[in-house]
**Q** 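What follows is a single structure, and I will ask about it in a moment.
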Amino acid sequence: AKALAEGKLDLENASAQYLTELRTNLTQYFIDLGLDETTANAAALDTMGLNEEEYAKLVADMKAGTQSLKDNMKDHL
């Protein structure tokens, strides 16, 4: 917790990177199965239970939530 508050741990980027890697890996999986890139990307988002708008909102919400968590932790350390 202290590392997050002090900026030594970057959950915002780690979380966003995880989602991006998951989406990329799923897209590649569907391409390997023979889907074109656009269809594969849509299938990856569908598999993740998201559409592109929801995906963008989730990443933005994670960034905002992480910043709020960092701010709250700084106040209590």
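Sequence positions, counted from 1, serve as the residue numbers for this chain. This structure is a prediction, so every number in the text was calculated from the model and none was measured.
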**Q** Under the 3.5 angstrom rule, does the side chain of Thr39 hit a backbone N or O of Leu35 as a donor-acceptor pair?
**A**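 Side chain of Thr39 to backbone of Leu35: no pair is present.
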**Q** A side-chain contact here means heavy atoms from C-beta on lying under 4.5 Å apart; do Phe30 and Thr47 qualify?
**A**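 Contact flag for Phe30/Thr47 side chains = yes.
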**Q** What's the separation between atom OG1 in Thr27 and atom CD in Glu37, rounded to the nearest 0.5 Å?
**A**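 So the gap between those two atoms works out to 7.5 Å.
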**Q** Please find the pair of heavy atoms, one from Met48 and one from Leu22, that lie closest to each other, and give the distance.
**A**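 Here Met48 and Leu22 meet closest at CE-CD2, 4.0 Å.
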**Q** With clusters defined by side-chain heavy atoms of hydrophobic residues (ILVMFWY) lying less than 4.5 Å apart, directly or transitively, does Leu45 cluster with Leu19?
**A**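 Both belong to a single hydrophobic cluster.
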**Q** Quick one: are Asn41 and Arg23 in side-chain contact, heavy atoms under 4.5 Å?
**A**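 When only atoms from C-beta onward are counted, Arg23 and Asn41 do touch, with a gap below 4.5 Å.
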**Q** How about Glu54: does its CD atom have over 12 heavy atoms from other parts shown lying under 6.0 Å from it?
**A**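 Counting neighbours around CD of Glu54, more than 12 heavy atoms of other residues, nucleotides or ligands fall under 6.0 Å, so yes.
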**Q** Do the side chain of Asn25 and the main chain of Glu21 share a donor and acceptor less than 3.5 angstrom apart?
**A**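 Checked: pair present.
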